[in-house]
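Predicted model only: the values in this text are computed from it and were never measured. Here is the naming used below: chain letters follow the sequence lines, and residue numbers restart at 1 for every chain.
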Amino acid sequence: MRRIISATVLNESGVLNRLTGLLTKRQFNIENITVGHTEDPAVSKVTLTVWVEDDRKAEQLVKQLHKQINILKVRDLTNMALVSRELALIKVLTTPDTRSEIKMLIEPFRATVLDVSLENVTLEVTGDSEKVDALIELLRPYGIKEISRTGITAIPRGTQKKILELHPYSIM
Amino acid sequence: MKASWVAEQKTVESSLVSGAELFIQGLLNENVDVVFGYPGGAVLPIYDALYKAEMKHVLTRHEQGAIHAAQGYARVTGKPGVVLATSGPGATNLVTGIADAMIDSIPLVIFTGQVATKVIGTDAFQEADIVGITMPITKHNYQVQKAEDLPRIMKEAFHIANTGRKGPVLIDIPKDIAVNHAPLKEAADIHLPGYQPTLKPNILQVKRLNEALQMAKKPVLLTGAGVLAAKAEEELLAFAEYYQIPVAQTLLGLGGFPADHPLCYGMAGMHGTYAANMALYDCDLLIGVGARFDDRLTGNLEHFAKKAVVAHIDIDPAEIGKNVPTEIPIVGCAKETLKALNQTCGEKGKSSEWVIQLSKYRSELPLTYKSNDKELKPQKLMEILHEVTKGAAVVSTDVGQHQMWAAQYYTFSTSNRWITSGGLGTMGFGFPAAIGAKVGRPDLSVIAVVGDGGFQMTLQELGVLQDWELPVIVVIVNNKSLGMVRQWQEIFYEKRYSHSLLDIQPDFVKLAAAYGIEGKRAENEAEVREALAAALASKKPFVLDCAVSADENVYPMIAPGKGLHEMIGVRG
Ligand SMILES: Cc1ncc(C[n+]2csc(CCOP(=O)(O)OP(=O)(O)O)c2C)c(N)n1
Ligand SMILES: [Mg+2]
């Protein structure tokens with residue numbers, strides 16, 4: 001199953017290396033990872049999407065991450081109500097015929113055109129991964145030249161349903 | 001505030017001192033009494049400061065020797081072992097010992113030199129990315145960026161190494177940092193928001209375990225090195241006795257519970273006793289204390305403690321539920337948790353059917369071997385060692401058959417006398433670890449029990465025995481083979497002894513003599529007894545090369561993939 005894990009880390013050299021090294025050592029496969037500053041300049045937030053076999057493995061992952069001295073907090077967001085977003089830049093081939101068609105097509109996705117040349121246009125789209133995937137599929141027939149995706153970043157919603165807060169882990 | 005050595009040395013006209021001097025002061029603040037190390041270019045400023053400070057330093061003959069010695073020192077003293085090596089090859093020579101200390105939770109603080117900050121990343125002479133290399137095998141590591149950070153980093157490193165689940169911490173010091181000047185100040189209080197080990201157990205879980213004990217008919221305690229690390233021997237004894245719980249021990253946990261106690265059923269696992277393994281197989285309540293259920297202990301997990309409610313007490317939450325599903329998880333240090341358990345005591349346990357059954361196994365199917373008049377049996381050798389040292393020596397082993405025989409037949413009734421490489425199984429560990437143990441506890445007899453193979457991996461440390469006149473007794477269990485490999489080839493590879501027979505050997509007695517150390521070859525029990533008695537009395541280093549039967553195997557044994565109840569060779 002896919003897990004979205006968020007880790008708050010001290011903004012020190014090597015911390016990302018430590019985190020990804022740990023995942024490699026324990027044979028976790030990272031699907032994507034995003035890193036950025038937080039409200040506190042000494043602290044960064046890492047959002048990881050990983051595939052794990054079962055709950056036991058997921059629990060191991062969280063616990064092992066938590067053991068790192070410069071990782072302050074680890075949360076498995078998978079079962080929480082959350083908002084998650086991903087940004088993608090997509091370069092699509094165009095002809096004079098298709099250019100306006102593509103403009104129409106991307107409108108419901110609230111994608112914007114960042115760059116236009118004679119042969120192609122570059123689009124920006126933000127949303128959850130499903131939305132990004134859907135747009136890419138729609139554009140595929142026109143010929144996609146290049147895609148650059150940021151990976152997911154996420155944050156739990158302000159209000160959580162009680163049951164969803166149930167922590168499955170044995171440490172609690 | 002601790003007395004400042006550096007300040008005493010200086011007429012305090014300026015309060016700036018070098019990084020190397022801060023290093024010395026940091027060691028003194030942590031009451032470090034010995035450093036195990038090896039010099040080189042990148043640590044010359046540090047060695048110069050060591051010289052001036054007259055800090056005790058044991059110069060081993062290889063960096064691997066230094067780190068294993070520090071491990072042996074840590075095992076017997078409970079204090080972190082301190083290691084110092086130069087950059088590049090000096091640092092990489094430590095890697096095996098670091099991994100060994102990590103997997104066996106041995107507290108070490110390791111200092112490596114590094115090339116100067118301005119050339120880091122340029123493939124400078126003797127540059128190695130030791131922080132990157134050791135990231136997965138240290139509890140934490142640092143590279144010092146400014147001399148003024150050194151006091152804080154050292155204080156943190158000693159704290160991290162020796163608290164929570166203990167382990168190795170490495171500090172990489174670029175050469176210019178050791179030379180640069182910074183104020184001589186004591187570090188502020190430790191502030192590590194990401195590191196808060198849980199010591200006190202959750203009282204609800206403690207209650208649940210006490211309740212489970214009331215229900216259980218077949219409880220068993222599995223005790224590991226966590227008991228020793230937490231110094232929880234007394235609490236464990238009180239707990240086991242109060243509820244009358246049989247005790248099985250892990251390889252690394254030996255000594256945490258007295259071997260001669262009626263509730264002690266010995267070591268469990270691949271070469272464990274029948275009683276201990278059957279206790280784990282058959283129990284209805286398994287209480288793991290500071291043990292991590294590794295595969296050499298559990299055998300095939302499909303059959304491990306299948307009828308039991310599992311309770312697991314461990315200071316490292318990540319160990320709980322890692323290998324064995326756990327109904328009663330208790331995160332906490334063994335001492336605090338057993339104390340809490342002893343305070344919330346339920347009804348006192350009585351001698352049960354279960355205890356009677358296990359005791360029957362113990363007396364009817366004890367560890368056994370076949371002796372004859374012609375050969376010196378390695379198992380007998382361990383029994384003689386116990387007898388001659390009255391079971392009170394520190395025994396440090398290497399890895400292989402002799403290690404298992406020592407674990408089975410030396411039997412420890414006191415804690416912190418047993419040093420062995422459990423998790424990593426590092427050949428070459430035993431002898432240097434014995435050196436460190438003797439440095440840490442000069443009052444105890446220290447015996448290195450090594451194989452003829454493994455001894456040859458680190459025997460250059462005979463130089464240290466000679467240098468310090470350290471009365472370590474090296475007992476070579478000489479079966480003229482890489483015995484454990486040979487045993488597996490005999491059993492699982494139809495006796496195809498691929499590269500495991502050591503017919504060509506050095507003359508170990510002459511080798512000792514080359515280092516000015518007395519040695520003897522023993523071929524039978526009488527010769528062993530005589531030589532050992534003489535060696536113990538002489539209070540000098542000694543090498544005893546014991547010719548043991550070459551085709552002896554370690555039994556009982558659980559073959560790979562089998563469960564604890566599927567032991568072979570139970571009857572010898
Ligand atoms: C550094 C290292 N290399 C290889 C091994 C694999 N190994 C395990 S036991 C063993 C044989 C050890 O032979 P010896 O030291 O003579 O001890 P014995 O088993 O004969 O008692 C070997 C090669 C190891 N544990 N460590
Ligand atoms: Mg051998």
Side-chain angles (χ1 to χ4, degrees), chain A residues 3 5-30 35 38-46 50 52-76 166-172, chain B residues 99 102 120 129-145 149 153 156-157 159-161 163-165 167 169-170 172 190-198 201-202 204-205 301 310-312 314-332:
Chain A
R3 292 269 173 177
I5 312 255
S6 128
T8 313
V9 305
L10 284 178
N11 208 350
E12 289 172 356
S13 86
V15 60
L16 196 61
N17 197 350
R18 204 176 285 279
L19 189 149
T20 52
L22 191 150
L23 269 83
T24 315
K25 166 177 163 182
R26 306 253 172 208
Q27 297 219 294
F28 289 100
N29 217 335
I30 306 177
V35 195
T38 61
E39 66 284 359
D40 178 348
V43 169
S44 291
K45 174 90 75 73
V46 182
V50 245
V52 294
E53 285 156 37
D54 51 33
D55 283 348
R56 171 123 60 106
K57 272 241 160 192
E59 173 176 340
Q60 253 306 292
L61 173 56
V62 171
K63 285 172 162 181
Q64 292 295 349
L65 286 173
H66 196 78
K67 251 164 78 168
Q68 298 303 309
I69 312 282
N70 41 20
I71 296 184
L72 302 178
K73 191 173 171 188
V74 186
R75 274 193 300 184
D76 186 340
L166 263 185
H167 217 291
Y169 298 146
S170 55
I171 25 170
M172 302 301 152
Chain B
M102 181 69 174
I120 289 180
D129 174 16
I130 199 65
V131 170
I133 290 170
T134 61
M135 213 170 256
I137 52 168
T138 49
K139 185 169 171 185
H140 196 53
N141 63 15
Y142 297 89
Q143 185 173 70
V144 186
Q145 304 296 338
D149 291 341
I153 289 175
E156 287 179 6
H159 174 71
I160 292 168
T163 54
R165 178 174 180 176
V169 180
L170 181 140
D172 196 32
I190 288 169
H191 176 66
L192 291 168
Y195 179 68
Q196 311 282 341
T198 308
N202 179 325
L204 226 75
Q205 301 289 11
L301 280 170
V310 176
H312 191 174
D314 206 292
I315 198 158
D316 178 0
E319 284 305 334
I320 301 179
K322 185 178 84 178
N323 297 332
V324 176
T326 303
E327 284 85 356
I328 309 177
I330 307 185
V331 181

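For B:N323, the part lying under 4.5 angstrom from a heavy atom of chain A is the backbone only. Proximity to chain B (any heavy atom under 4.5 Å) is shown, for A:I69, by both the backbone and the side chain. Residue contact with chain A, scored on non-hydrogen atoms closer than 4.5 Å, is absent for B:I328.
A salt bridge links B:E319 with B:R165: the closest approach of a Lys/Arg side-chain nitrogen to an acidic carboxylate oxygen falls below 4.0 angstrom. Note on A:D55 versus A:R3: salt bridge recorded, some NZ/NE/NH1/NH2 to OD/OE distance being below 4.0 Å.
Inspection of non-hydrogen atoms places B:M135, B:P136, B:K139, B:H140, B:N141 of residues 132-141 of chain B under 4.5 Å from chain A.
Counting heavy atoms from C-beta outward, A:V50 and A:L61 have side chains that approach closer than 4.5 Å.
Here salt bridge (Lys or Arg N to Asp or Glu O under 4.0 Å) pairs that include residues 5-20 of chain A, with residues two or more places apart or in two chains, number zero.
Rounding to the nearest 0.5 angstrom, the gap separating the CG atom in B:D172 from the CG atom in B:L170 is 6.0 Å. Note that the CD1 atom of B:I120 and the CG atom of B:D129 stand 9.0 Å from one another [nearest 0.5 Å]. Atom CD of residue A:Q64 and atom NZ of residue A:K57 lie 10.5 Å apart, to the nearest 0.5 angstrom.
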Side chain to side chain donor-acceptor pair (under 3.5 Å) assessment of A:Q68 paired with B:Y195
CA-CA 8 Å; A:Q68 298 303 309; B:Y195 179 68; over 6 Å; no

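Note on B:P325, B:G194, B:P197: by heavy-atom pairs under 4.5 Å with chain A, the leading option is B:G194. If you tally non-hydrogen atom pairs under 4.5 Å between each of A:N17, A:I71, A:L10 and chain B, the highest count goes to A:N17.
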